[in-house]
Structures are given as structure tokens and as C-alpha cells.
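See structure below.
Counting starts at 1 for both ligands and their atoms, following the listed order. All heavy atoms count here, side chains included; hydrogens, waters and symmetry mates do not. Start at 1 with the first residue, then count along the sequence.
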Amino acid sequence: MATPRRVVIVGAGAAGIAAAIEAARAEVATTVIEASSVPGGALAASGGGCCIVGSDFQKSHGIRDSVDLAMEDWIDVGGPDADAAWARRYLSESAVEVDAWLTELGVRWRELKQYEGNSVPRMHVPLDGGDGLAARLYECARTLPIEWSFSSEMRTLSLDEDCRAAGVGVVGPDGSERFVPCDAVILATGGFCNNRKLLSMALGDRASHSRILLGGAVGSRGIGWEALSTISAAFTHLEHISLYPRGTPDPADPTGDRGMVVDGPGNAIYVNAGGHRFCNEGINEAIHRTDSVTTALMAQEPRTAWMIFDQLGHAQVTIADARYRRHGKPVREEINRMLATSPYIYSADSVLELAAKAKIPYSAIARTLADYNDAILKGGGDAFGRAVQGLETIASPPFLAVQLFPLARKNLGGVVTDDHCRVIGLDGSVIWGLYAAGEVAGMAGGHMNGRSGLEGTMIGPSLFAGRIAARAVANDLQL
Ligand SMILES: Cc1cc2nc3c(=O)[nH]c(=O)nc-3n(C[C@H](O)[C@H](O)[C@H](O)COP(=O)(O)OP(=O)(O)OC[C@H]3O[C@@H](n4cnc5c(N)ncnc54)[C@H](O)[C@@H]3O)c2cc1C
């Protein structure tokens, strides 16, 4: 009997699990190699939001959307570096390839959000958050004949004498090395925003003279990228990295290198080291704009700020990290512990005391707060064009100050692939048998989003690309 043709999928996150389901359904012998002891990757740490156009959920909410409208928004936000062909393909097919597919697998949406840059609400938030979505995908995948190898890290990619993918070198949980031979490899190893060396190279000048926190998921260590560079794969747009302004150091990381994103209360303000506001805090940081909060923070000297709020805002703080969010809901106890114990978060019964603890000039911050509260009481806009109508003033002690640093969250550029997610080499030709999907491939093709992305344009496209890569494997192996 002939040996079955085997695909090795590296990474069990959004793209990897989607690829595994698709490959196994196409009857390709499928092995998944995952470095972590559990599946999910960044998907499980995320809110799980997917940008989808024309879903039943949108229609049931009376939302009229179209691919052309979404394309306009996408290109507006992604700029000329967005891959318009891949973006249009994704948007045109997202209702079937992502929404209908996830629905068939048992995923349900909780709500639709309209983040800045979108003309209509189209970010679909899953009922049980990103961890719930990952769990559901894995549950479905487990009903299929897939071989899972957890706590196993791919270190090397091997090509045969014809430059075809031949297998991967893996280090197992006991430290032993083994070679896993196969007919095709799908790399779905995620981004590198948890790898200081790669990040500094990609950020260039932006990384100098500032503390930029590592904000990718724990597994986003760039090993896939390193392995790809040893076999002369082509990369593109690596400089496009989503920098978030609301990073604060993760108390669980003794090196102080990793950070988490703090979502403050709606009325919080950010002040710089001089105690002055410097931006409209209401602008979404994921969007590339000259007046974005990230751009404003990167222009401060030093590049740090304090998020200021009071006792009323305390209960509204959330932290976008797996430890502080379960099934899409905040874990209040953990958040409160973090607010009380982080050395980067100060609490005080008066603004005077807060200023002393955070080492911010008292007169400046007192003036800043007075002006802001005044604008709220008057209604309308404030000095930075922020709509403050209906916001609470910051006046009820205790007052809190959370120190913020820029945080690198997501990679938007990656390894170049063709329309079937086959990896392209530096010489412009396909590396046969090697496929890449998800964040390692700028979702698909290398730069689907461009300089920045609408919310939800990482997970949806990663699932999409994982499916496309697996179908291409089945087709290329002539199954
Ligand atoms: C906190 C947070 C919130 C986010 N929220 C959203 C959101 O709401 N919407 C959205 O669209 N995007 C969001 N993103 C981004 C999104 O989660 C990722 O872009 C997406 O999950 C990428 O999918 P992926 O399959 O490429 O990578 P991942 O989901 O990260 O999976 C990669 C997997 O590969 C494994 N791996 C890596 N290297 C190796 C190796 N050498 N050997 C074996 N295994 C390896 C990793 O351990 C990981 O499990 C968020 C990201 C973060 C960090």
C-alpha cells in the first residue's frame, strides 16, 4: 500500500487549526507541531474579532454592507502598501469562507462592533471571545484524524535536492531532536512581536531611544521567520508593525520586556512626563493617522505617558491579555490585583499625592485635570477635538495613574506567497511543498493589510489563508 501523502502544519493558532481541519477533511495525512503545551496561539489571547462582510449576523442587524464599501475602508486605512487583490478576495469570500464555515463548526457571534475606519459595523465578536473560538476550532479538529504534537518546537525547515520542502527539524518536550519527513509543510507560526531582535530590526529608528514593550502573544517568537530566512524565502513590508500606545509592563515578566494593553475607562486622559495632555485619547491606535495616539506618544520625550482616571473609572479598566480575560469577559479579581500591585501603577487619595508618586509636576497635572473637567462640564469638544459630552469628570478619589509605553502588538508584513499561499523564494520562484498562512505571511501574500489594518483583519484572514493553504496542499499533492 502506498504511504499516504503527509502535510506537517507548524503552529496550532488561527491559521494552523483552520489548515488542519481543511487538510484532514481533504484526506491529507495531517500532523500538527505546536511549541506550546496547548493550542490557540495569539488567537486564544485575543478578543477573537473578525472583520466579515455580508454575514447573516450583519443582515439580521439590518446592516447594509458591501465589498466595495469595505475595500474603500481597507485601502483608506492600509494605504498604498495594502495588497488590494488579496484584500478584495478576502472581503468577497469572508461571508462564506469565514462566517458560514465558523457557523457550521458551531461558533456563534455575540456582537458587531464598528471601530474607527469602518463605514458600518463589521467586526464580529465571538460569543466566548478568542479563547472560546480557539477552543471550538480545536474541538472540531479533534474529531478528525489529525496527529497532534504539543510542546514540540520546529527549529529547522529542510528542502531536498530539488529545493522542495522535505520536512522539519523539531525539538520535543524532553529536549530531544527529531526530523519529521513530509510531502508538504504549512508554516502557521504567527508573528514576531515577542522577539526583541527581530522587532528592533523591523522597527529600525523607531526602536532607538525608547522602551517599546513586546506585545505579541507569548508564542510569537519569530522562529518561523528565522527558519524561512535560512532557506532564502522572500519577505516584504516587515516594517509595518501595529504599535499600541497603551502598553504597560507585564508584572509576570521579571525582565520588564513584555507588556499588556490596558483599556482604560472612557473618560481617562493621557498626560506626558510634563503633566500635559498631548492627544485625542478617543482615536483608535490601530489606525495609521498622523494624529493617532501612537504617533503622538512616539513624539513625546521621553516616550512614555500616564493614563489618569479616578475611582469611578476603576471598575471599567480591562486588560487585553489571556490572564485577565476569559471567554470574552474580564477577570475582575486579576485586574484589581494588577492595578494594586504593578510598580507602574500608582493610586493616591489626592492629585497632589498622585503627582508625587508618579513624579509628574503637580501644577501641570492639576491644571490639565481642571481644564479637562471644565470641558466636560461645558459639553461639546475639548482642546484636542475629543467629544467629551456625557463623560464623567475625573474628580473622585482615589486617583490612578497607569504608566504607558508603546507596545508592539501585530506584524502586518511577512513572507511572500503566491495566490495559493505557496512560499516564494528570493529569486521569485515558488518553493514547492512549502506554504505559509497567517501572521507569518502578513495573513496571506505577504502584506494584505498594508501600513495598518481595520480591526478584525488578522484573525479572519488568518483562518481564510489557513484554509487556502490546505486546499492548495491537497491539490498540489493530487489528492
Ligand atoms: C492580545 C491580542 C489581541 C488580538 N485581538 C485581535 C482581534 O480581536 N482581531 C484580530 O483580527 N486580530 C487580533 N489579534 C491578532 C491575531 O490574534 C493574530 O494575528 C492571529 O491569531 C494570527 O494567527 P496565526 O495562526 O498566524 O498565529 P497564532 O494564532 O499566534 O498561532 C501561531 C502558533 O504557532 C506556534 N508556534 C510558533 N512558532 C512555532 C514553532 N517554531 N514550532 C511550533 N509551533 C510554533 C505558536 O505557539 C502559536 O500557537 C490579537 C493579538 C493579540 C496578541
In the protein, which heavy atom is nearest to atom 21 (O) of ligand 1, and how far is it? L43 N, 3.3 Å

Between N194 (side chain) and V218 (backbone), is there a donor-acceptor pair under 3.5 Å? yes

A student checking ligand 1 against A14 at a 4.0 Å heavy-atom cut-off should list atoms 23 (O), 25 (O), 29 (O)

So which heavy atom on N449 is nearest to which on A82, and how close? O-CB, 3.2 Å

Does E72 reach the side chain of S119, with side-chain heavy atoms less than 4.5 Å apart? no

Any cation-pi pair here, R409 with Y244, using under 6.0 Å and within 45°? yes

Does the side chain of P181 come within less than 4.5 Å of R6's, by heavy atoms? no

For S55 and H124, test the side chains for any donor-to-acceptor distance below 3.5 angstrom and give the result as yes or no. yes

Using a heavy-atom cut-off of under 4.0 Å, does the side chain or the backbone of T457 touch ligand 1, or both, or neither? backbone

heavy-atom search around atom 25 (O) of ligand 1 in the protein gives A15 N, 2.8 Å

Do the non-hydrogen side-chain atoms of V120 and R64 ever get within less than 4.5 Å of each other? no

Does the separation of the ring centres of W148 and Y138 fall below 6.0 angstrom? yes

Proximal ligand 1 atoms for I223, defined as those under 4.0 Å from one of its heavy atoms: 41 (N)

For atom 31 (O) of ligand 1, closest protein heavy-atom neighbour: G13 CA, 3.2 Å

Within this structure, what is the CD1-CD1 distance for the pair I186 and I468, rounded to the nearest 0.5 Å? 11.5 Å

If you define the side chain from C-beta out and look only at heavy atoms, does anything of W432 sit under 4.5 Å from D476? yes

for atom 43 (C) of ligand 1, nearest protein heavy atom and its distance come out as A35 N, 3.2 Å

For ligand 1, which atoms have a heavy atom of A45 less than 4.0 angstrom away? 1 (C)

Short N or O distance, G460 and ligand 1, threshold 3.5 Å exclusive: no

Hey, is ligand 1 close enough to A320 that some N/O pair sits below 3.5 Å? no

Counting only heavy atoms from other residues, nucleotides and ligands, does the tally under 6.0 Å from CD of E104 exceed 12? yes

Pull out every atom of ligand 1 sitting under 4.0 Å from any heavy atom of G48, numbered as shown with elements. 8 (O)

Positive for side chain to side chain contact (heavy atoms under 4.5 Å, CB included) with C193, one of I241, L407, L243: I241

Just distances here: any N/O of A42 and N/O of ligand 1 closer than 3.5 Å? yes

With only distance considered, is G224 within less than 3.5 Å of ligand 1 through an N or O on each side? no

Looking only at distances, can you tell me whether any N or O atom of A217, backbone or side chain, sits closer than 3.5 Å to an N or O atom of ligand 1? no

To which protein heavy atom is atom 12 (N) of ligand 1 closest, and what is the distance rounded to 0.1 Å? M458 CB, 3.3 Å

Show the atoms of ligand 1 that are less than 4.0 angstrom away from any heavy atom in I33. 43 (C), 44 (N)

Side chain to side chain, S229 and F235, heavy atoms closer than 4.5 Å: yes

Region of C50 that comes within reach of ligand 1 [heavy atoms, distance under 4.0 Å]: neither

Taking atom CZ of R326 as the centre, report whether more than 12 heavy atoms of other residues, nucleotides or ligands fall under 6.0 Å from it. no

Counting heavy atoms only, which of E455, R409, K113 is nearest atom 1 (C) of ligand 1? R409

How far is atom 35 (C) of ligand 1 from the closest protein heavy atom, and which atom is that? E34 OE1, 3.3 Å

Could you tell me whether a side-chain N or O of T294 sits under 3.5 Å from a main-chain N or O of S292, the two making a donor and an acceptor? no

Is it the side chain, the backbone, both or neither of T189 that has a heavy atom closer than 4.0 Å to ligand 1? both

As an exercise, identify every atom of ligand 1 less than 4.0 angstrom from a heavy atom of E153. 41 (N), 42 (N)

Looking only at N/O atoms, are G49 and ligand 1 under 3.5 Å apart anywhere? yes

Are any of the N/O atoms in E439 less than 3.5 Å from those in ligand 1? yes

Side chain proximity check, V430 to D418, heavy atoms < 4.5 angstrom: yes

Where does I459 meet ligand 1, judged by heavy-atom distances below 4.0 Å: at the side chain, the backbone, both, or neither? both

May I ask you to list the atoms of ligand 1 that are less than 4.0 angstrom from any heavy atom of G438? 26 (O)

Which residue owns the protein heavy atom closest to atom 4 (C) of ligand 1, what's the atom, and how far is it? S46 CB, 3.2 Å

Pairwise distance OG(S220) to CD(E439) - rounded to 0.5 angstrom: 6.0 Å

Relative to ligand 1, is S462 under 4.0 angstrom through side chain, backbone, both or neither, heavy atoms considered? side chain

To check your reading of the model: name the closest protein heavy atom to atom 40 (C) of ligand 1, its residue, and the distance in Å. M154 N, 3.7 Å

Have a look at ligand 1 and work out which part of K410, if any, has a heavy atom under 4.0 Å from it: side chain, backbone, both or neither. side chain

Give the atoms of ligand 1, by number and element, whose distance to some non-hydrogen atom of A188 is under 4.0 Å. 32 (C), 33 (C), 34 (O)

Please work out whether any backbone atom (N, CA, C, O) or any side-chain heavy atom from C-beta onward of R155 is under 4.0 Å from ligand 1, and answer side chain, backbone, both or neither. neither

